[in-house]
Amino acid sequence: MKLRVIFLCLGYVFLTLAHRAHKKEWTKLLVTHHWPQTFCSMEKCTANFSYWTLHGLWPDSGSECNVSWHFNATLIADLLPEMKTFWPDLLEPNSTAFWKHEWTKHGTCAAHAEALDTQHKYFSKALELYHKLDLNGLLKKSNIVPSENYYKLTDVEGCISNSYGVTPKIQCVSHGQESEFQTLGQIEICFDKQFQLLDCEKHPEELQSRDNHPGFTVCDASVPVYYPPLRSSQQTPRFL
């Protein structure tokens, strides 16, 4: 009986090690921004932010890599004022539940890298990259601002590519085949493990964002893009 238990234990250990050996290590980090107005139009929340906010810092592989590593807001107390401004919970502004989710699902996987191996390192690096990119300022400089007009997707993507030297992944809310426009919702900018910019690939398995809202898909280059103002009027958008 004891021998059988030993063999069962050894078998479990072997299978666990084999699973870990074949588990794909992440090679890329996605700094994901979302447009609050678009998100809240789907979730019925109030978008009081007139700039792109941070959705998360996501490794391209792995999810909930260490469920025993619990989120502890006290470890990032010095970051919380900045996070409330630039990485807010749009659904529950006074809660830390959103950040807990981001840490549990993505942070525990990102922590395989030494530069991200604590909660404080993970959240502070996400904020650092967000500010470094300054997506909101970049779009403004290219005169791509919230408007009742339509934009070409190539203009939005080109503005980002020309500035960063890499291709982003831009996601929209599709309104069906008969709709004349799609709504800009989320933009991902990618980095390697050394935090150097690189292209966000668009392989079939990557077309849907890893932590995407169900309504977001990669934008269709043939459909005009609507970048909704914080307070939309009833005027029908026009194509620029």
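Because only heavy atoms are used, hydrogens play no part in the values below, and waters and symmetry mates are left out as well, while side chains stay in.
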Centroid-centroid distance, F123 to W87, less than 6.0 Å:
yes
Using distance alone, with no hydrogens and no angle criterion, decide if D220 and S222 have a side-chain donor and acceptor under 3.5 Å apart.
yes
How long is the span from the CG atom in L139 to the CD1 atom in I160, to the nearest 0.5 Å?
5.5 Å
ILVMFWY network linking I144 to V223, side-chain heavy atoms under 4.5 angstrom:
no
Looking only at non-hydrogen atoms, find the nearest pair between C190 and L30 and report the distance.
SG-CG, 4.0 Å
To the nearest 0.5 Å, what is the distance between CD (E128) and CD (E82)?
10.5 Å
Kindly indicate whether the side chain of W52, heavy atoms from C-beta on, has any atom under 4.5 Å from the side chain of L184.
yes
What I want to check is whether the side chains of E102 and W58 have a donor and an acceptor closer together than 3.5 Å.
yes
Applying ring pair (Phe, Tyr, Trp, His ring centres under 6.0 Å) to W35 and Y227, what does each step give before you reach the verdict?
CA-CA 9 Å; W35 182 239; Y227 184 5; 5.0 Å; yes
Quick one: which of I170, T183, T38 gives a side chain to side chain contact (heavy atoms under 4.5 Å, CB included) with F216?
T38
Can you tell me if Y226 and E148 form a side-chain donor-acceptor pair at under 3.5 Å?
yes
Cation over ring, K28 on F191, under 6.0 Å and within 45°?
no
Checking side chain to side chain donor-acceptor pair (under 3.5 Å) for the pair N48/T46: CA distance, chi angles, key distance, verdict?
CA-CA 6 Å; N48 292 321; T46 302; 5.4 Å; no
Evaluate the criterion side-chain contact (heavy atoms from CB on, under 4.5 Å) for residue pair L133 and Y164; output intermediate values, then yes/no.
CA-CA 8 Å; L133 290 169; Y164 301 146; 3.6 Å; yes
Is there a donor-acceptor contact under 3.5 Å from the side chain of D199 to the main chain of T167?
yes
Is there a chain of hydrophobic side chains (I, L, V, M, F, W, Y, each step under 4.5 Å between heavy atoms) that links F71 to L91?
yes
Roughly how far, to the nearest 0.5 Å, is CG of D117 from OG1 of T108?
12.5 Å
Ring pair (Phe, Tyr, Trp, His ring centres under 6.0 Å) assessment of H131 paired with F86
CA-CA 9 Å; H131 289 303; F86 300 109; 4.7 Å; yes
Pair H34-L90, side-chain contact (heavy atoms from CB on, under 4.5 Å): steps then yes or no:
CA-CA 11 Å; H34 56 188; L90 298 174; 3.8 Å; yes
Residue pair H33 / Q186, side-chain heavy-atom distance below 4.5 Å:
no
Flag yes if V218 and L198 sit in one hydrophobic cluster, no otherwise; membership is Ile, Leu, Val, Met, Phe, Trp, Tyr, and two members link when side-chain heavy atoms are under 4.5 Å apart.
no
Checking the side chain of D89 only, and the main-chain atoms of P93 only, is there a donor and an acceptor separated by less than 3.5 Å?
no
L54 side chain reached by V31 side chain, heavy atoms, under 4.5 Å:
yes
Can you measure from CG (L57) to OG1 (T32) and round to the nearest 0.5 angstrom?
8.0 Å
Heavy-atom closest contact (C159 atom, S142 atom, distance):
SG-OG, 3.3 Å
Taking N162 for its side chain and G158 for its backbone only, find out whether a donor-acceptor pair lies under 3.5 Å.
yes
Give, for atom CG of D155 and atom CG of N143, the distance between the pair rounded to the nearest 0.5 Å.
11.0 Å
Roughly how far, to the nearest 0.5 Å, is the CG atom of L153 from the SG atom of C219?
5.5 Å
For K121 and A115, the nearest pair of non-hydrogen atoms, with its separation, is CB-O, 3.4 Å
Cluster question for you: counting only ILVMFWY and a side-chain heavy-atom cut-off of under 4.5 Å, with indirect links fine, are Y51 and V145 together?
yes
Looking at K100, I want to see if its NZ is surrounded by more than 12 non-hydrogen atoms of other residues, nucleotides or ligands under 6.0 Å.
no
Would a 4.5 Å heavy-atom cut-off, applied to side chains only, mark W26 and H106 as touching?
no
Side chains of C65 and H112, heavy atoms from C-beta outward: is any pair under 4.5 Å?
yes
Can you check side chain to side chain donor-acceptor pair (under 3.5 Å) on D60 and T27, steps first, answer last?
CA-CA 7 Å; D60 65 340; T27 59; 3.1 Å; yes
Q119 versus H70, side-chain donor and acceptor atoms under 3.5 Å:
no
Residue pair Q182 / H175, side-chain donor-acceptor N/O under 3.5 Å:
no
Does the side chain of H101 come within less than 4.5 Å of E64's, by heavy atoms?
no
Think K84 forms a cation-pi with W99, using NZ or CZ under 6.0 Å from the six-ring centre and within 45 degrees of its axis?
no
What are the two closest heavy atoms between C200 and P168, and how far apart are they?
CB-C, 4.0 Å
How about Q171 and I187: do any of their side-chain heavy atoms sit closer than 4.5 Å?
no
For A110 and L116, which heavy atoms make the closest approach, and how far apart are they?
O-CB, 3.5 Å
Which heavy-atom pair separates N136 from S50 by the least distance, and what is that distance?
OD1-O, 4.2 Å
Given side chains that start at C-beta, do those of P88 and F49 come closer than 4.5 Å, heavy atoms only?
yes
